[in-house]
Protein chains: 4
Amino acid sequence: MTLTETEAPRPLGRPRDPRLDEAITTATLELLAEGGYGALTIEAVATRAGVGKATLYRRWTGKEQLVVDAVRTLSEPPEPGRQADVRDEIVGLLEALRRKSTSSLAGRIFPRLIGEGADNPELMRRYREQVLEPRRDRFRATLRRGIDQGLIRPDADLDHVMDLLVGPMAYRTLIRTDPPPGPDLAARIVDDVLVALAPRPETAPRPAPQEDA
Amino acid sequence: MTLTETEAPRPLGRPRDPRLDEAITTATLELLAEGGYGALTIEAVATRAGVGKATLYRRWTGKEQLVVDAVRTLSEPPEPGRQADVRDEIVGLLEALRRKSTSSLAGRIFPRLIGEGADNPELMRRYREQVLEPRRDRFRATLRRGIDQGLIRPDADLDHVMDLLVGPMAYRTLIRTDPPPGPDLAARIVDDVLVALAPRPETAPRPAPQEDA
Amino acid sequence: MTLTETEAPRPLGRPRDPRLDEAITTATLELLAEGGYGALTIEAVATRAGVGKATLYRRWTGKEQLVVDAVRTLSEPPEPGRQADVRDEIVGLLEALRRKSTSSLAGRIFPRLIGEGADNPELMRRYREQVLEPRRDRFRATLRRGIDQGLIRPDADLDHVMDLLVGPMAYRTLIRTDPPPGPDLAARIVDDVLVALAPRPETAPRPAPQEDA
Amino acid sequence: MTLTETEAPRPLGRPRDPRLDEAITTATLELLAEGGYGALTIEAVATRAGVGKATLYRRWTGKEQLVVDAVRTLSEPPEPGRQADVRDEIVGLLEALRRKSTSSLAGRIFPRLIGEGADNPELMRRYREQVLEPRRDRFRATLRRGIDQGLIRPDADLDHVMDLLVGPMAYRTLIRTDPPPGPDLAARIVDDVLVALAPRPETAPRPAPQEDA
DNA sequence: GAATAACCGAGACGGTACGTCTAGTCTTGTG
DNA sequence: CACAAGACTAGACGTACCGTCTCGGTTATTC
């Protein structure tokens with residue numbers, strides 16, 4: 001049974017040189033590191049990569065797409081190491097986010113993507129799928145272990161939980177950047193939020209607002 | 001006692017036409033609304049405002065400053081109405097943020113500012129001082145009332161509390177924009193977070209993580 | 001005695017497809033006719049001929065050579081028909097030149113060759129040898145008949161005579177193109193010039209310039 | 001009676017710097033002299049003239065117009081000196097044409113203009129009006145003196161006469177460039193052609209072609 | 001009321017990057 | 001080897017903005 005399946009139709013002509021992808025991506029990241037987004041021009045990337053501009057436009061439609069791809073290769077391993085203690089693992093994930101955002105190149109590029117994304121839904125979609133979602137999957141698995149261990153209510157909406165945990169950290173690294181968030185922030189966020197998420201059947205989740213009316 | 005004090009030195013020459021500030025700001029906002037940040041060029045602003053480019057550069061040093069100022073005039077009233085119930089008032093403040101971010105012009109401009117700000121600390125500083133801080137002051141006053149009413153622990157770090165409340169909302173409107181946050185999000189955040197902030201002397205703030213070791 | 005002589009060394013591999021020469025030449029002429037020299041790009045020729053660019057460069061070194069060859073095939077028959085009257089035959093040759101220059105594709109291409117030739121002696125040489133000289137040979141034969149018939153002085157420099165006859169026509173079709181030369185121009189040139197070339201032993205060819213000295 | 005007339009409306013804004021016209025023209029001619037038409041790129045002209053590309057495009061619509069203007073300034077004085085003898089003066093004019101065409105920069109540029117002109121009537125028109133016609137006016141005046149002195153028939157069509165004289169020289173400098181025309185060519189052309197143009201009431205202008213029938 | 005000084009609209013200026021196009025070469029698989 | 005397809009480097013094209021400068025001309029204050 002020789003199922004031919006889809007079988008890539010093998011395009012005609014000279015195939016694209018796969019090494020150029022890397023040369024271009026590297027040049028992109030170098031330029032970003034050296035001069036920020038403002039110094040990232042297509043012409044500079046092409047020159048630094050030793051590549052014609054046409055080669056660049058053949059593979060990416062513009063600067064933003066190029067940056068997304070470059071950043072993706074940069075941010076592959078979101079693995080903070082598996083911890084025995086789920087709470088510590090969550091802290092580790094948040095702390096990894098802080099370190100990445102405050103120190104590295106990614107910390108300069110990420111806000112740009114947010115900015116571009118506001119007028120460019122396609123860019124945002126690609127970023128979400130290729131960068132954000134893989135990380136969220138990783139995070140979600142950890143939270144599931146938290147449920148198994150009785151740390152988190154079994155009926156909790158894990159997406160919402162992630163919003164509560166990641167949101168404050170993102171806010172402090174992107175928007176309220178001054179004073180810069182310290183290394184204890186992750187633990188503070190986790191401890192505060194986990195209180196609310198703890199399985200506590202005997203406590204009313206909402207402390208009677210009518211006392212104020 | 002007529003203290004002359006600093007007394008503006010009264011500059012020589014023809015004074016600046018104050019109406020032009022408004023014309024320029026209006027043109028800026030219109031262009032942003034029509035074509036996004038990419039369509040916002042100094043030349044287009046000048047043409048639309050019926051003004052020479054020099055007049056623009058006489059008053060602002062560049063595009064970013066112009067945008068910050070324009071946005072500031074746009075976002076003056078952060079007043080969601082004073083509520084009797086503090087909890088409802090906090091929900092109102094967060095919901096106002098969501099509505100602003102998801103619907104209006106500001107929702108397109110704000111991410112751009114974040115992006116520009118990453119490489120432009122001066123821009124970020126101005127934005128923080130002129131837009132962010134006034135809103136935080138407003139929010140902080142509300143939280144103080146929450147302490148007075150016994151809703152929030154008296155020793156809570158209010159800046160941190162704001163991070164916990166605003167962070168998730170910002171995260172959902174800026175970064176994890178899909179699916180878009182709904183009108184119930186503000187209440188969910190507030191209810192979850194306030195549990196953790198409630199004055200609860202008899203409860204350990206951290207629910208014994210050793211059960212997992 | 002089978003003398004092997006030069007005996008083409010019979011190249012290895014697949015032989016060149018002779019039909020492609022024609023396909024390329026045809027495509028070249030079509031493009032010239034449609035959009036002029038500016039529309040004649042190597043890529044367009046290759047596409048139209050259904051041929052790879054390499055095939056083109058394998059046979060011609062560049063655009064100019066290609067055009068020369070294409071024009072040559074176009075302008076093969078310079079035969080205006082043999083006339084009994086030599087004077088009429090000369091008129092016919094000049095008139096053929098006028099018609100060719102003012103009406104056809106060649107009239108657009110020929111000036112280009114002149115232009116390219118100024119910086120490209122090799123091109124000019126090929127053009128001269130392959131297009132010009134054959135026509136001059138034809139013309140020269142007619143003039144020889146003119147000498148035989150007593151129309152032209154036997155000691156006349158026929159190359160110079162051709163310059164005197166062809167020059168004015170070329171000038172009117174290439175340079176002083178406005179107003180465009182009419183069908184009577186050939187006869188006017190021939191009649192005027194032949195006066196000077198007539199065998200007239202009793203007349204001094206040069207009307208005594210010493211009267212002015 | 002204050003006739004307002006047309007009165008140039010005095011354009012708004014900063015006036016164009018007239019020195020740049022010259023800088024650009026000079027750069028154009030230098031580049032043409034150094035590398036021929038192929039080396040003449042708009043970018044090179046702008047760089048050499050120390051000028052932005054926009055400045056160039058503000059004043060000329062393209063490369064051809066720029067070249068025409070540059071050539072015009074180059075070829076202003078077509079004055080070979082007024083000779084007592086009209087015949088010598090005509091020889092001088094033709095010889096000046098030969099020298100210009102075979103030696104100088106103009107000799108490289110002129111053929112290019114012919115080439116471009118074939119597909120670019122507007123360019124040809126400008127060239128004719130700004131370069132050619134002034135020279136022809138000069139030539140025509142000389143021919144009129146020739147009529148006055150009895151050298152040329154009073155009823156001669158002077159435009160046609162110029163074609164007969166200039167045509168052969170142009171042909172030898174532009175098209176049949178090999179062998180290159182020598183310094184005696186002008187005299188040969190003039191002497192031959194003037195025979196045909198001489199006032200000769202007693203001679204039939206056409207030497208009986210019926211002898212050949 | 002004349003001088004002075006800064007304002008104003010218009011638009012030229014040197015630069016820089018854009019995205020497209022073509023030239024001429026190189027690299028695939030196929031014949 | 002030839003061939004079609006098309007990737008590749010190089011670099012010019014003409015356009016768009018940037019931020020500055022230079023005009024003629026307009027308000028204000030100061031002498």
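Every heavy atom of this structure was used, including side-chain atoms; hydrogens, water molecules and symmetry mates were not. To find a chain, count down the sequence lines: A is the first, B the second, and so on, and within it residues start at 1. All values reported here derive from a predicted model rather than from experimental measurement.
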Ignoring backbone atoms, establish whether D:K53 has a side-chain N or O less than 4.0 Å from OP1 or OP2 of E:dG15. no

Rounded to the Å, how far apart are D:L56 CG and E:dA12 P? 14 Å

Looking across every strand, which nucleic acid part, if any, lies under 4.0 Å from A:G62 by heavy atom: base, sugar-phosphate, or nothing? nothing

Could you state the OH-C1' distance from C:Y37 to E:dA23, rounded to the nearest angstrom? 13 Å

Would the number of heavy atoms belonging to other residues, nucleotides or ligands and lying under 6.0 Å from CD of D:Q130 be above 12? yes

Select one nucleotide: of F:dT30, F:dC18, E:dG14, the one nearest the side-chain heavy atoms of D:V51. E:dG14

Using atom CG of A:L12 as one end and atom C1' of E:dT30 as the other, report the distance to the nearest whole Å. 10 Å

Rounded to the Å, how far apart are A:I42 CD1 and E:dC21 P? 17 Å

Given E:dC13, is OP1 or OP2 found less than 4.0 Å from the side-chain N or O atoms of D:R59? yes

Using atom CG of C:L66 as one end and atom C1' of E:dG24 as the other, report the distance to the nearest whole Å. 14 Å

For the backbone of A:G115 and the side chain of B:R112, can you confirm whether one donor and one acceptor N or O come within less than 3.5 Å of each other? yes

By nearest-heavy-atom nucleotide on DNA chain F, the more 5' of B:R14 and D:A44 is D:A44

Does the side chain of C:T55 get closer than 4.0 angstrom to OP1 or OP2 of F:dA4 through an N or O atom? yes

Map B:L40 and A:G13 onto DNA chain F by nearest heavy atom, then report which one ends up closer to the 5' terminus. A:G13

Strictly distance-based, threshold 3.5 Å: is any side-chain N or O of A:K63 a donor or acceptor partner for the main-chain N or O of A:L40? yes

Under-4.0 Å side-chain N/O to phosphate OP1/OP2 contact, B:R16 with E:dC7: yes

Atom-pair distance (CD on D:E64; C1' on F:dG14), nearest Å: 13 Å

Rounding to an integer number of Å, can you tell me how far B:L20 CG sits from F:dT26 P? 16 Å

Presence of salt bridge, D:E43 and D:R48, under 4.0 angstrom: no

Compare all side-chain heavy atoms of A:I114 with those of A:Y127 and state whether any distance is below 4.5 angstrom. no

Whole angstrom is fine here: how far is it from OH in B:Y57 over to P in F:dT22? 17 Å

Quick check: on DNA chain E, is the nucleotide nearest B:G52 upstream (toward 5') of the one nearest D:R58, or the reverse? Name the residue that is more 5'. B:G52

Which one, F:dG19, F:dA12, F:dT9, comes nearest to the side chain of A:A54? F:dT9

